[in-house]
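Residue indices begin at 1 and follow the sequence shown. Order of listing sets the numbers, starting from 1, for every ligand and every atom in it.
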Amino acid sequence: MIDLRSDTQTRPSPEMRAAIAAAEVGDEQKREDPTVNELERRAAELLGQEEAVFVPTATMANEIALRTLGQPGDEVIGEENSHIFLAELGGPAVHAGLMTRPLRCVAGRFSPEQIRETVRVTDGTHVPHTRIVSVENTHNASGARVWPIEEIEAVAATARELGVNLHLDGARVMNASVASGVPSAQIGSHFDTVTLCLSKGLGCPLGALVAGSAEHMANARRLKHLFGGAMRQAGIVAAAGVYALEHNIGRLADDHERARRLAEGLDAAGVPVDLEQVETNFVQVDLAPLGLSPEDALARLWEHRVGLSMTAHPTKLRAVTHLDVGDEDIEQAVDLIPRALGALAHA
Ligand SMILES: Cc1ncc(COP(=O)(O)O)c(C=O)c1O
């Protein structure tokens with residue numbers, strides 16, 4: 001089986017398992033777990049923030065961040081298919097009481113003008129405050145595309161001018177950093193809060209971090225407990241994170257290179273892919289010209305022992321490269337996917 005469904009499908013490597021087995025642990029709730037403390041210290045540094053808080057999932061990291069930055073009745077602005085709007089079960093409304101103002105965008109990126117048009121200026125007596133702008137980088141639904149640093153700077157400057165907080169859903173910000181050559185700390189430093197996921201391209205079994213100022217992170221720690229996320233000997237898991245930050249960031253370039261090779265191979269074989277979309281580790285396949293439904297296409301692919309997955313777009317599937325996908329898998333996928341989709345007949 002060539003599992004290209006998601007970069008969440010990685011299994012911990014033998015070296016990561018050895019780091020887990022050797023982890024020093026303590027009571028995380030009391031901040032006595034040295035491995036969690038070390039992971040939080042390293043993550044804060046990598047994300048250009050004062051402190052970071054270790055949590056089980058990136059969803060929890062996002063939800064804690066939004067609750068830290070906004071009050072019930074406030075508004076959060078973000079791209080309409082961003083993870084916080086599309087895939088967190090309405091969490092911003094449930095956990096933080098936030099109103100959501102989705103923006104329609106190209107490639108997951110919005111402009112300073114869109115923020116300016118959307119932010120509500122209010123004296124607080126009648127109209128809700130727009131309190132948070134949320135950026136997702138890389139942006140999942142658009143095909144894991146990267147925000148250029150100049151656009152982040154422009155959006156951040158506008159948000160600051162308007163007195164609005166900034167959150168970065170950087171679940172895959174290390175992919176963005178590696179692809180763009182911009183240090184992750186430089187990207188992260190523009191935001192009040194930053195989420196980083198460990199269980200995607202970084203290859204951990206679970207874990208995420210939310211980072212921000214010492215003041216915001218004191219609140220984040222309180223919210224983590226409130227959400228039931230304060231743990232005990234969590235160093236067992238954090239050890240995987242420390243290992244990943246040391247060993248698995250630079251190699252994301254290999255995933256990006258394989259995604260590009262896959263996209264070019266599929267394109268040459270007549271599978272409809274948008275080569276411009278392939279900036280990191282996702283390749284989106286458009287089924288519309290092939291006349292296949294996503295369910296039908298996924299079933300055919302499964303029969304050929306290749307796993308792809310659905311996207312936010314009704315006619316597009318995605319193939320995602322990751323730690324457990326090698327060069328041979330890509331070669332085979334370039335052969336199997338067109339056959340499964342009957343693409344050669346359409347080429
Ligand atoms: C952009 C983005 N943010 C957050 C998440 C949530 O991650 P988790 O599954 O760890 O909650 C995902 C997961 O796919 C994601 O793609």
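At least one heavy atom of K200 sits closer than 4.0 Å to an atom of ligand 1. The shell of residues lying under 4.0 angstrom from ligand 1, judged by heavy atoms, excludes H139.
In this structure, R260 pairs ionically with E264, as a charged nitrogen and a carboxylate oxygen lie closer than 4.0 Å. By the 4.0 Å N-to-carboxylate-O rule, R109 lies close enough to E151 to be salt-bridged with it.
Shown are T59, T195, N62; of these, the side chain to side chain donor-acceptor pair (under 3.5 Å) with D169 is made only by N62.
Crowding of E24 atom CD: a count of heavy atoms from other residues, nucleotides or ligands under 6.0 Å not exceeding 12. In the displayed structure, R120 atom CZ is contacted under 6.0 Å by more than 12 heavy atoms of other residues, nucleotides or ligands. In L89, the CG atom is not crowded: 12 or fewer heavy atoms of neighbouring residues, nucleotides or ligands sit closer than 6.0 Å.
In this structure, the protein non-hydrogen atom closest to atom 15 (C) of ligand 1 is H83 CD2, 3.3 Å. Atom 3 (N) of ligand 1 has its closest protein heavy atom at D169 OD2, 2.7 Å. Nearest protein neighbour of atom 11 (O) of ligand 1, counting heavy atoms only, is T59 OG1, 2.6 Å. With respect to atom 10 (O) of ligand 1, the closest heavy atom belonging to the protein is A58 N, 3.0 Å.
Where the criterion is an N or O separation shorter than 3.5 Å, residue side chain and backbone included, R172 meets it with respect to ligand 1. For N140, a nitrogen or oxygen atom sits less than 3.5 Å from a nitrogen or oxygen atom of ligand 1, counting backbone and side chain alike.
Taking the six-membered ring where tryptophan is involved, the planes of F110 and W147 are perpendicular, since the angle between them exceeds 60° and thus also 30°.
For ligand 1, the atoms closer than 4.0 angstrom to any heavy atom of E136 are 1 (C). The atoms of ligand 1 that sit less than 4.0 Å from any heavy atom of N62 are 3 (N), 4 (C). Near T57, with a cut-off below 4.0 Å to any heavy atom, the atoms of ligand 1 are 10 (O), 11 (O).
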Step-by-step salt bridge (Lys or Arg N to Asp or Glu O under 4.0 Å) determination, R160 to D192: CA-CA 10 Å; R160 297 284 172 228; D192 296 291; 3.0 Å; yes
